[in-house]
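Just below is one structure, and these are the notes that go with it.
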Number of protein chains: 2
Amino acid sequence: MVPIDILSFTRTRPVARTPKEITDAELTVLEALWERPRATVRELAEALYPDGGASQTATVQKLCERLEAKRCVARDKRERPATYRATIDRAALIGRHLRGVADRLCAGSFTPLLTHLVESGEISDADLQRLRERVANLDEGGAPPPREERE
Amino acid sequence: MVPIDILSFTRTRPVARTPKEITDAELTVLEALWERPRATVRELAEALYPDGGASQTATVQKLCERLEAKRCVARDKRERPATYRATIDRAALIGRHLRGVADRLCAGSFTPLLTHLVESGEISDADLQRLRERVANLDEGGAPPPREERE
DNA sequence: CGCATTCAAGACAGAATGTCTATGGTCCCG
DNA sequence: CGGGACCATAGACATTCTGTCTTGAATGCG
């Protein structure tokens with residue numbers, strides 16, 4: 001609640017609520033959008049709630065609104081009915097989450113995440129092989145590719 | 001994802017609330033615990049709320065309880081006052097979050113995360129070098145190191 | 001115009017979060 | 001032994017978040 005002491009104005013509390021990532025229901029909608037270039041709310045609702053009615057459609061509408069606020073989808077109002085399309089793909093969403101973890105736990109650095117993954121023992125030999133090639137390529141390239149979107 | 005079932009069970013909603021990771025306030029407490037082998041609630045409260053009083057202490061107490069429920073800390077009741085110690089270190093917590101992201105977005109696979117990190121352009125040359133060595137070692141070893149805790 | 005569809009706004013219940021109060025237990029010291 | 005200091009447990013509380021739904025206005029069409 002952050003009570004504010006008028007005189008001493010301390011503000012030393014752990015209080016910190018971070019913005020909030022994408023929620024489960026939102027992700028479901030987003031995934032449906034990833035499967036098509038664009039879609040109307042109705043189409044999405046029919047896909048997600050096979051035998052849903054008007055209220056389910058409204059639910060999807062609301063989720064789309066919230067996704068738009070989070071810049072995960074864009075709406076084309078010129079179409080009738082309006083269509084939505086994803087503005088972030090799975091890889092970028094992964095990146096967003098990864099950044100969240102890094103910011104929260106590693107002072108923003110990706111390196112500890114990388115270390116953990118490599119040592120997790122959950123990367124297959126084939127993937128390790130690919131990784132090795134990729135790392136090798138990056139090495140000679142020198143300048144890494146530019147960063148993607150990011151908000 | 002959840003909805004879409006052929007036999008039209010009632011359960012068709014995106015509804016899916018995942019358990020919930022550690023929260024911000026909890027993380028603050030946990031980080032304070034990481035800085036010492038163990039600590040009493042009072043010590044933690046004094047560290048986190050430099051000029052807090054009894055209610056702040058109670059807040060920390062509650063956060064410790066919730067952390068204990070999430071198996072992030074353990075309490076030694078024999079000590080008077082009881083002491084808490086972290087049962088998960090930063091690396092393990094990172095792992096837990098990483099697993100969460102993988103489960104949510106990559107059907108549980110770590111590989112896409114790894115790919116993203118390597119291609120993010122945010123890994124320093126030095127770290128890349130280390131990575132390359134580590135990858136090389138893992139390769140010849142064959143059997144990966146044992147997995148860490150994981151509940 | 002009448003109607004169906006679409007959209008916007010908000011209501012709502014239940015859970016999560018950070019915080020606090022109240023109450024009762026323990027222990028020490030005079 | 002009694003009082004007080006400290007500690008612990010329970011629960012209350014205000015907010016916010018989440019998934020859902022209702023309502024009523026806007027829009028387009030035959």
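Since the model is a prediction, treat every value here as computed from it, not as a measurement. All chains are named by letter (A, B, ...) in the order of the sequence lines, taking the proteins before the strands, and each is independently numbered beginning at 1.
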Does B:Arg42 reach a base, just sugar-phosphate, or nothing at all? Heavy atoms under 4.0 Å. sugar-phosphate
Would you mind reading off the distance between B:Glu43 atom CD and D:dC6 atom P, rounded to a whole angstrom? 14 Å
Touch class at under 4.0 angstrom, heavy-atom based, for B:Thr59 against every strand present: base
Report yes or no: do B:Asp76 and B:Thr83 form a side-chain donor-acceptor pair below 3.5 Å? no
Please check this pair: side chain of A:Arg36 against backbone of A:Ala32, looking for a donor-acceptor N/O pair closer than 3.5 Å. yes
Judged by each residue's nearest nucleotide on DNA chain D, which is more toward the 5′ side, A:Ala58 or A:Ile22? A:Ile22
At 4.0 Å (heavy atoms only), tell me whether B:Ala82 reaches a base, stays on the sugar-phosphate, or touches nothing. sugar-phosphate
Of B:Gln61, B:Arg38, B:Glu43, the one forming a side chain to side chain contact (heavy atoms under 4.5 Å, CB included) with B:Tyr84 is B:Gln61
Testing D:dT20, C:dG18, C:dT19 for proximity to the side chain of B:Asp24, the answer is C:dG18
Where the side chain of B:Pro81 is concerned, which of D:dA8, D:dT22, C:dC20 is the nearest nucleotide? D:dA8
Quickly work out the A:Arg80 CZ to C:dC7 P distance and round it to whole Å. 6 Å
Using the salt bridge (charged side-chain N to carboxylate O under 4.0 Å, His left out) rule, pick out the option among B:Lys62, B:Lys77, B:Arg75 that qualifies with B:Glu68. B:Arg75
Sugar-phosphate only, base, or nothing, as touched by B:Ser55 at under 4.0 Å among non-hydrogen atoms: base
